[in-house]
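First the structure, which I've put down as structure tokens, then a few questions once you've had a look.
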Amino acid sequence: MDIAVLVKQTVDMDQIKLNDENEPIMDNLPLKMDILSKNAIEAAVQLKEKYSGKVTGFIFGTEKSTSTMKEAYAMGVDEGTVIKGYQKSDPLVTAGVIAAELKKAKYDIIILGDQSSDSYSGLLAGLLASELDLNVITNAINIEVKDKIANVTVESENEDVTVETGLPAVVSVAQEINEPRLPKVMQIMMAGKKNINIVDGNPGYENDTKILSDRAPENERKKIIYEDGKGIDEVAKILKVVK
């Protein structure tokens, strides 16, 4: 089977600092592969190993994204394309650009992370499916394929459910689906020698999404102190609500 996997390169969130205005400083931050992209790659490679086939990776980014694509190669991706033109984190623009490239590709299933660490919008899978006129299943924790039918187990709040869809389809995965593999040294060395396709992406429309604020909401602690065991009943009430 032919598997397309979407990979995202983000800034290292652990390296973000705040300025005097309590705004994140995003300049000159190191880049790395988004954590859920690793889960998506692992899911794609496991499907290839189980059913045989080919995994093709796609990144909407910049020339700097080649390092992340090489990491994807080391994890088991066979071929990769970096689509240049990334400007802002706008799921609508991203879906349009990636869909245009996927229309030129061959795939039975498209796998991506359920959301990304820089926006947590969770919109891309649905928008991409709409652009390609495909079914979409989100928050997957297991994928089984037989005779062009995918049975996808989805994690829900109360219980896990299994959803069936014909292929091709778009499936976004949750972090619980697997434990991404750590590439061996030889795989890393071989990945560095593989070719990466670099193409220009054209959004085709204006990016009219504006970020009004990227600050975390203020959360003042109540700073209530209980002494001499007098607060045991109050603490018990709070723990009951949390549970």
Side-chain angles (χ1 to χ4, degrees), residues 1-8 10 13-14 32-53 55-58 72 75-77 89-92 94-95 98-99 102 107-182 216-217 219 233-243:
M1 65 185 304
D2 292 296
I3 307 152
V5 61
L6 306 191
V7 184
K8 184 164 186 177
T10 63
M13 297 297 172
D14 295 331
K32 69 176 187 178
M33 184 187 295
D34 189 75
I35 182 62
L36 272 170
S37 288
K38 293 185 178 183
N39 294 107
I41 291 171
E42 180 63 29
V45 174
Q46 286 184 12
L47 287 177
K48 178 185 74 171
E49 292 172 341
K50 187 171 184 178
Y51 303 109
S52 74
V55 177
T56 304
F58 295 87
M75 293 178 66
V77 171
S89 184
D90 185 335
L92 187 61
T94 300
I98 295 178
L102 282 169
Y107 57 83
D108 296 299
I109 189 170
I110 302 168
I111 300 177
L112 68 157
D114 203 44
Q115 49 195 344
S116 59
S117 58
D118 61 348
S119 66
Y120 281 94
S121 70
L123 296 174
L124 184 58
L127 291 170
L128 186 64
S130 178
E131 290 275 356
L132 297 171
D133 194 25
L134 298 176
N135 289 339
V136 59
I137 300 176
T138 61
N139 211 33
I141 58 173
N142 187 58
I143 306 171
E144 300 289 340
V145 176
K146 184 178 180 180
D147 299 329
K148 292 294 184 178
I149 298 292
N151 287 286
V152 182
T153 303
V154 177
E155 184 180 48
S156 62
E157 185 173 348
N158 297 319
E159 62 179 351
D160 299 341
V161 296
T162 300
V163 183
E164 181 180 283
T165 182
L167 297 179
V170 178
V171 178
S172 68
V173 301
Q175 193 167 355
E176 292 75 14
I177 192 170
N178 55 45
E179 183 69 31
R181 67 191 64 191
L182 294 174
N219 186 11
D233 292 339
E234 295 299 320
V235 173
K237 291 178 183 179
I238 294 172
L239 291 176
K240 186 176 181 180
V241 171
V242 172
K243 183 178 179 181

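Both backbone and side-chain heavy atoms feed into the values below; hydrogens, waters and symmetry mates do not. Because the structure is a prediction, the values reported are computed rather than measured.
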Problem set entry | Heavy-atom closest contact (Val152 atom, Ala140 atom, distance) | CG1-CB, 3.3 Å
Seminar exercise, completed: Closest non-hydrogen atoms of Ser121 and Pro91, given as atom of the first, atom of the second and distance, are OG-CG, 3.6 Å
Exercise. What is the distance from atom CZ of Phe58 to atom CG of Leu112, rounded to the nearest 0.5 Å?
Worked result: 12.5 Å
Seminar exercise, completed: Heavy-atom closest pair (Ala174 atom, Asn139 atom, distance to 0.1 Å) is CB-OD1, 3.3 Å
Exercise. Is any side-chain heavy atom of Ile110 closer than 4.5 Å to a side-chain heavy atom of Leu6?
Worked result: yes
Exercise. Are the side chains of Tyr107 and Leu132 in touch, meaning some heavy atoms are under 4.5 Å apart?
Worked result: yes
Exercise. Does a donor on one side chain and an acceptor on the other come within less than 3.5 Å for Asp34 and Ser116?
Worked result: no
For this session: Work out which heavy atom in Met1 is nearest to a heavy atom in Leu167; give both atom names and the distance.
Result: CE-CD1, 4.5 Å
For this session: Would you give the length of the straight line joining atom CD of Glu164 to atom CD of Glu144, rounded to the nearest 0.5 angstrom?
Result: 12.5 Å
Problem set entry | Test item: Leu128 and Leu102 side chains (from C-beta on) under 4.5 Å apart, heavy atoms | yes
Exercise. Would you say the side-chain atoms of Ser37 pair up with the backbone N or O of Lys8, donor to acceptor, closer than 3.5 Å?
Worked result: yes
Seminar exercise, completed: Thr153 meets the side chain to side chain contact (heavy atoms under 4.5 Å, CB included) criterion, sequence neighbours left out, with Ile141, Asn142, Asp160, Thr162
For this session: Kindly compute the distance separating NZ (Lys148) from CG (Asp108), expressed to the nearest 0.5 Å.
Result: 3.5 Å
For this session: Say whether, by atom type as modelled, one donor and one acceptor occur between the side chain of Ser130 and the main chain of Gly126 under 3.5 angstrom.
Result: no
Exercise. Has the side chain of Asn39 got a donor or acceptor atom that lies under 3.5 Å from a matching backbone atom of Pro180?
Worked result: no
Problem set entry | Partners meeting side-chain hydrogen bond (donor to acceptor under 3.5 Å, both in side chains) with Glu49 (sequence neighbours left out) | Arg181
For this session: Rounded to the nearest 0.5 Å, what's the gap from OG1 on Thr10 to CD1 on Ile35? Could you check?
Result: 10.0 Å
Exercise. Mind checking whether Val173 and Glu42 have side chains closer than 4.5 Å, heavy atoms only?
Worked result: no
Exercise. Is there side-chain contact between Ile143 and Ile111, with at least one heavy-atom pair below 4.5 Å?
Worked result: yes
For this session: Taking all non-hydrogen atoms of both residues into account, name the closest pair between Ala43 and Ile177 and its distance.
Result: CB-CD1, 4.1 Å
For this session: Go through the structure and list residues passing side-chain hydrogen bond (donor to acceptor under 3.5 Å, both in side chains) with Lys146, not counting sequence neighbours.
Result: none
Exercise. Where is the tightest heavy-atom contact between Val170 and Ala125, given as atom of each residue plus distance?
Worked result: CG1-O, 3.9 Å
Problem set entry | Rounded distance (nearest 0.5 Å) linking atom CG of Asp90 with atom CG of Leu123 | 9.5 Å
Seminar exercise, completed: Taken to the nearest 0.5 Å, the spacing of Leu92 CG from Glu131 CD works out to 7.0 Å
